Amino acid sequence: MKIDVVGVTSSDMEKTVEFYKLLGFTFGEFKSEDDHLEPTTPNGSARLMIDKKGLIKEILGEEPKPSNHSSFAIQYDSSKEINNIAEKVKESGFKIVREPWNAFWGQRYCIVEDPDGYKVDLYCNL
């Protein structure tokens with residue numbers, strides 16, 4: 001067994017793509033009216049699916065909503081990388097839920113929030 005895909009929903013694909021590019025995801029060409037996007041991820045990494053809220057509402061029969069805790073975590077190589085990404089996220093007007101800190105479990109950690117409220121953990125091993 002392996003986790004293959006993590007999914008989030010978007011009410012504004014362009015804004016969502018802008019956010020996930022800051023985290024390091026690469027996107028091919030897309031149109032803002034696209035209902036589904038999957039950025040390129042490294043081999044062996046889980047894929048990220050971004051679906052329009054309307055599509056998921058149609059599938060679920062109710063509005064999709066993010067949880068009050070992180071939906072997934074992304075591992076990076078260094079504390080410097082975590083700090084730089086957090087700064088770019090903040091400068092771009094997106095929300096930092098928790099500024100980078102050295103967690104007692106031995107990782108540099110930061111929590112950011114995408115435009116629709118999905119929280120994403122950013123971390124590296126110290």
Side-chain angles (χ1 to χ4, degrees):
M1 181 181 86
K2 73 175 185 174
I3 295 175
D4 183 45
V5 179
V6 174
V8 297
T9 59
S10 172
S11 56
D12 181 337
M13 284 294 211
E14 289 181 21
K15 198 77 172 158
T16 300
V17 167
E18 178 187 352
F19 174 82
Y20 284 101
K21 280 183 175 180
L22 293 171
L23 303 188
F25 289 93
T26 304
F27 292 82
E29 283 192 44
F30 75 94
K31 298 177 191 110
S32 60
E33 64 268 11
D34 288 344
D35 284 339
H36 176 85
L37 295 174
E38 286 189 35
T40 303
T41 53
N43 285 339
S45 179
R47 295 178 294 142
L48 174 63
M49 292 191 314
I50 303 170
D51 293 301
K52 276 200 172 167
K53 279 187 161 187
L55 173 64
I56 300 304
K57 182 179 181 180
E58 183 179 313
I59 293 168
L60 294 176
E62 64 181 330
E63 281 289 327
K65 56 185 178 275
S67 67
N68 67 350
H69 60 86
S70 297
S71 53
F72 62 97
I74 302 171
Q75 182 177 7
Y76 294 93
D77 294 327
S78 70
S79 294
K80 183 178 179 182
E81 193 173 15
I82 301 288
N83 296 343
N84 289 341
I85 290 169
E87 189 61 33
K88 287 178 188 176
V89 166
K90 186 188 301 184
E91 287 173 356
S92 296
F94 296 105
K95 184 177 179 181
I96 302 286
V97 175
R98 177 113 189 241
E99 293 284 343
W101 84 98
N102 291 336
F104 70 87
W105 54 86
Q107 295 173 329
R108 182 74 173 163
Y109 229 84
C110 176
I111 304 170
V112 297
E113 187 175 280
D114 86 357
D116 287 280
Y118 290 93
K119 292 167 184 64
V120 181
D121 292 355
L122 314 178
Y123 77 94
C124 70
N125 294 318
L126 292 175

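All values reported here derive from a predicted model rather than from experimental measurement.
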- Could you label the plane-to-plane angle of the Y123 and Y109 rings as parallel, tilted or perpendicular, counting under 30° as parallel and over 60° as perpendicular? parallel
- Of the options K52, K31, E33, which is the one that meets M13 in a side-chain contact (heavy atoms from CB on, under 4.5 Å)? K52
- Closest heavy-atom pair, S11 versus K53, reported as atoms and distance to 0.1 Å, is CB-CD, 4.0 Å
- Item | Result of checking S67, P66, S70 against K119 for side-chain contact (heavy atoms from CB on, under 4.5 Å) | S70
- Message: For the CD atom of E14 and the CG atom of D34, what is their distance to the nearest 0.5 Å?
- Response: 10.5 Å
- Message: As an exercise, state the distance from OG of S71 to CG of D121, rounded to the nearest 0.5 Å.
- Response: 8.5 Å
- Looking only at heavy atoms, the pair that brings A46 and I3 closest together is CB-O, 3.8 Å
- Message: Is there a side chain to side chain contact (heavy atoms under 4.5 Å, CB included) between N125 and Q75? Walk through the geometry before answering.
- Response: CA-CA 8 Å; N125 294 318; Q75 182 177 7; 3.3 Å; yes
Table please: side-chain donor-acceptor pairs of residues 95-105 below 3.5 Å, with sequence neighbours left out.
from	atom 1	to	atom 2	distance (Å)
E99	OE2	K90	NZ	2.8
N102	OD1	R108	NH1	3.2
W105	NE1	Q107	OE1	2.8

- Would you give the length of the straight line joining atom CD1 of I85 to atom CG of L22, rounded to the nearest 0.5 angstrom? 8.5 Å
- The reported gap from CD1 in I82 to SG in C124 (rounded to nearest 0.5 angstrom) is 5.0 Å
- Task: For E58, look at atom CD and say whether over 12 heavy atoms of other residues, nucleotides or ligands are found less than 6.0 Å away.
- Result: no
- Task: Nearest 0.5 Å please: distance from the CD atom of E87 over to the CG atom of N84.
- Result: 8.5 Å
- Task: Verify the distance criterion only: is there a donor paired with an acceptor across the side chains of S10 and T16 at less than 3.5 Å?
- Result: yes
- Message: Using side-chain heavy atoms (C-beta onward) and a distance below 4.5 Å, is F19 in contact with V89?
- Response: yes
- Residue pair I74 / L23: nearest heavy atoms and the distance that separates them: CD1-CD1, 4.0 Å
- Query: In Å, rounded to the nearest 0.5 Å, how long is the span from CG of L55 to CG of L60?
  - Reply: 9.5 Å
- Got a donor-acceptor contact below 3.5 angstrom from the S92 side chain to the K88 backbone? yes
- Message: Within the structure provided, determine whether V17 and L37 are in side-chain contact (heavy-atom separation under 4.5 Å).
- Response: yes
- Test log, rule side chain to side chain contact (heavy atoms under 4.5 Å, CB included), inputs R47 and D4: CA-CA 6 Å; R47 295 178 294 142; D4 183 45; 2.7 Å; yes
- Would you list the pairs meeting ring pair (Phe, Tyr, Trp, His ring centres under 6.0 Å) in which at least one residue belongs to residues 22-64, sequence neighbours left out? Y20-F25
- Message: If the threshold is 4.0 Å, N to carboxylate O, is there a salt bridge linking K21 and E18?
- Response: no
- Nearest heavy-atom approach of D116 to T9 is OD2-O, 3.5 Å
